[in-house]
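Notes follow once the structure below has been shown.
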Amino acid sequence: MRFINSSFKFLCFSKHFITSSTPKFSPFIAATMSTVSNTHNDVTITQIKQHPLQVAKRLEKFKTTIFTQMSMLAVKHGAINLGQGFPNFDGPDFVKEAAIQAIKGGKNQYARGYGVPDLNNAIAERFKKDTGLVVDPEKEITVTSGCTEAIAATILGLINPGDEVILFAPFYDSYEATLSMAGAKVKSITLRPPDFAAPIEELKSAISKNTRAILINTPHNPTGKIFTQEELNSIASLCIENDVLVFSDEVYDKLAFDMEHISPASLPGMFERTVTMNSLGKTFSLTGWKIGWAIAPPHLTWGLRQAHSFLTFATSTPMQSAAAAALRAPDSYFVELKRDYMAKRAILVEGLEAVGFKVFPSNGTYFVVVDHTPFGHKNDVAFCEYLIKEVGVVAIPTSVFYLNPEDGKNLVRFTFCKDEGTLRAAVERMKEKLRK
């Protein structure tokens, strides 16, 4: 994540946040220092400042994630949080009950490093049902601690320092941070409104002899875009022609509303060069469980498993057993899930349009991107500050999801993974208090 002017000027939102004149300190640490100085008389901020916070240069610019900052501000100002993408409702009872039974049944010690057999089998079954591809659960599936760890293991296990990796901006913030940890050179191709179409000619020009991989997220966070068959065919042709890998983040695959989700690995000639990453959290509203996985041919699985072994080694044993039960849910569960989210999307989109935003189509995920410029604020950060403090609603400024923050300064992201009452309350606040 790249902060505006390297210090992300809206740190001034909270009295605990340090100003841009002290960029070495993250806002979260600043809040911690303030708390320490108030509760322990023998420790002062001055003493702490004598020992500057230490961080490797490859991570200096990332600071505290935008999601942590905005969630803290939501609490501080009593704002309705339509920023961070976590549901305010619980997951299905049958999955939670499976976890309880696994715990009571003694499944509480280390799991096999790459996943308990039942979950690996369930992932293979679900992947075949979704894509038609038959994969070996023992050799081609690795269970990870959420998709974030699948991303990290894939990048750290398969990318060498100096390798080029191409992202589609705006992008999920962990991509750039993990690539920086791997010493990769990051290139980005910008998806632009209104349809956020993939600029294939620009992508073609960006690929060089040093390009190792393209990282795709479909359905796409934050825009809600789903990559089309034509776009994916073009990307696949470029990858095959230039011997480039694809890392495909598909955590929102069951939240594809108006278009079909297509897994890049399912395209001709692509399975052998694709790592498909997914997780349980979005589909089953269990984001705190952190159960994810990576599917790849053995020659790519080897590298990501090497990294996984030294990142987490293994993931929660009882939650893996419950995840297997979740993935074997009847088709009716996924139909109802999509129907419920489409109803939530309608509430938010119709409300945002009525308030006066320019709303861009969201074909998938549980996010909506809007143009905030009708309300007269200089950029997305300034608008989000106003929205929290004066209106009482949280959105995410999208400029942090670009290598060049200017590309996102007109856009903000709202989420609709909340109950309908919360969505309607947020809309009413905006209708009442948001002024053009």
Side-chain angles (χ1 to χ4, degrees), residues 1-3 8 56 58-68 84-85 144-191 196 198 202-203 206-207 210-225 227 235 239 244-253 264 274-279 281-282 287 290 292-294 296 300 303-304 307-308 311 364-365 367 369 396-405 407-408 411 413:
M1 172 176 45
R2 184 178 296 270
F3 289 96
F8 205 63
R58 61 184 174 271
L59 291 176
E60 273 186 333
K61 67 181 178 180
F62 295 104
K63 313 242 182 354
T64 306
T65 74
I66 187 64
F67 308 109
T68 297
Q84 191 169 0
T144 59
S145 296
C147 189
T148 301
E149 198 231 322
I151 293 164
T154 297
I155 290 172
L156 294 172
L158 296 173
I159 297 298
N160 291 305
D163 284 348
E164 293 178 355
V165 177
I166 298 174
L167 309 178
F168 290 98
F171 47 77
Y172 180 52
D173 61 346
S174 82
Y175 299 164
E176 187 190 2
T178 309
L179 287 166
S180 293
M181 286 189 269
K185 179 180 179 181
V186 181
K187 290 183 174 181
S188 74
I189 304 296
T190 300
L191 306 175
F196 300 100
E202 187 178 343
L203 175 63
I207 294 175
N210 297 317
T211 302
R212 172 70 167 157
I214 298 171
L215 204 166
I216 297 174
N217 175 209
T218 183
H220 182 258
N221 173 16
T223 67
K225 167 192 172 58
F227 281 76
I235 293 168
C239 290
V244 171
L245 302 177
V246 167
F247 302 154
S248 184
D249 176 352
E250 301 179 25
V251 296
Y252 299 100
D253 64 335
T274 301
V275 179
T276 303
M277 301 169 288
N278 210 322
S279 73
K282 313 302 182 185
T287 59
K290 298 298 290 181
W293 54 87
L300 298 180
L304 72 89
H308 166 68
L311 285 170
T365 75
F367 302 113
V369 168
I396 294 291
T398 68
S399 56
V400 299
F401 303 136
Y402 294 81
L403 291 184
N404 177 14
D407 288 342
L411 307 175
R413 188 196 79 178

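Just so it is clear, the model here is predicted, and its values are computed rather than measured.
Panel note: side chain Thr398, backbone Leu411; a donor-acceptor pair is recorded below 3.5 Å. For the pair Thr218 (side chain) and His220 (backbone), a donor-acceptor distance under 3.5 Å is absent. With hydrogens and angles disregarded, a donor-acceptor distance shorter than 3.5 Å links the side chain of Thr365 to the backbone of Phe367.
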Set out, in order, the CA-CA distance, both residues' side-chain angles and the distance that settles side chain to side chain contact (heavy atoms under 4.5 Å, CB included) for Met277 and Glu149, then state yes or no.
CA-CA 10 Å; Met277 301 169 288; Glu149 198 231 322; over 6 Å; no
Report the C-alpha distance between Val275 and Leu158 in whole Å, list the side-chain angles of each, state the deciding distance to 0.1 Å, and finish with yes or no for side chain to side chain contact (heavy atoms under 4.5 Å, CB included).
CA-CA 10 Å; Val275 179; Leu158 296 173; 4.0 Å; yes
Using the side chain to side chain contact (heavy atoms under 4.5 Å, CB included) rule, take Val369 and Phe196 through it: C-alpha gap first, then chi angles, then the decisive distance, then the call.
CA-CA 11 Å; Val369 168; Phe196 300 100; 4.3 Å; yes
Chi angles and distances behind the side chain to side chain contact (heavy atoms under 4.5 Å, CB included) call for Val244, Arg212
CA-CA 5 Å; Val244 171; Arg212 172 70 167 157; over 6 Å; no
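Residues forming a side-chain hydrogen bond (donor to acceptor under 3.5 Å, both in side chains) with Ser248 (at least two apart in sequence, or on another chain): Glu250. Partners of Phe227 by ring-ring contact (aromatic ring centres under 6.0 Å, His included), not counting sequence neighbours, listed by chain and number: Phe168. Take Lys225 and apply the salt bridge (charged side-chain N to carboxylate O under 4.0 Å, His left out) test, not counting sequence neighbours, and it matches Glu231. Residues passing the side chain to side chain contact (heavy atoms under 4.5 Å, CB included) test with Ser279 are Cys147, Val251, sequence neighbours excluded. Listed by chain and residue number, Thr315 satisfy the side-chain hydrogen bond (donor to acceptor under 3.5 Å, both in side chains) test with Ser145 (two or more places apart in sequence, or in another chain).
Note on residues 157-167: pairs passing side chain to side chain donor-acceptor pair (under 3.5 Å), not counting sequence neighbours, are Glu164-Lys187, Glu164-Ser208, Glu164-Thr211.
Annotation for Ala198 and Leu191: closest pair CA-CD2, 3.8 Å, computed over non-hydrogen atoms. Leu59 and Ala177 get closest at one heavy-atom pair: CD2-O, 4.1 Å.
Within the 4.5 Å cutoff, no side-chain heavy atoms of Ile151 are placed close to those of Phe247. Side-chain atoms of Tyr172 and Thr148, non-hydrogen and from C-beta on, do get closer than 4.5 Å to each other. By the 4.5 Å heavy-atom criterion applied to side chains, Ile214 and Leu203 are counted as neighbours. For the pair Val186/Val165, no side-chain contact is recorded, criterion being any heavy-atom separation below 4.5 Å from C-beta on. Annotation: side chain of Thr144 is in contact with side chain of His308 (closest heavy-atom distance under 4.5 Å). Side-chain contact between Ser399 and Asp407 is absent, with no heavy-atom pair separated by less than 4.5 Å.
Rounded to the nearest 0.5 Å, atoms CZ (Phe171) and CD1 (Ile166) are 13.0 Å apart. Atom-to-atom distance recorded for Ser180:OG and Ile155:CD1 is 9.5 Å, nearest 0.5 angstrom. Atoms CD1 and CG, from Ile159 and Leu245 in turn, are 6.5 Å apart once rounded to the nearest 0.5 Å. In this structure, CD1 on Ile207 lies 11.5 Å from CD on Glu202, to the nearest 0.5 angstrom. Rounding to the nearest 0.5 Å places OG of Ser174 at 9.0 Å from CG of Leu179. Atom OG1 of residue Thr190 and atom CG of residue Asn404 lie 7.5 Å apart, to the nearest 0.5 angstrom.
Neither side chain, Tyr252 nor Asn217, offers a donor N or O lying under 3.5 Å from an acceptor on the other.
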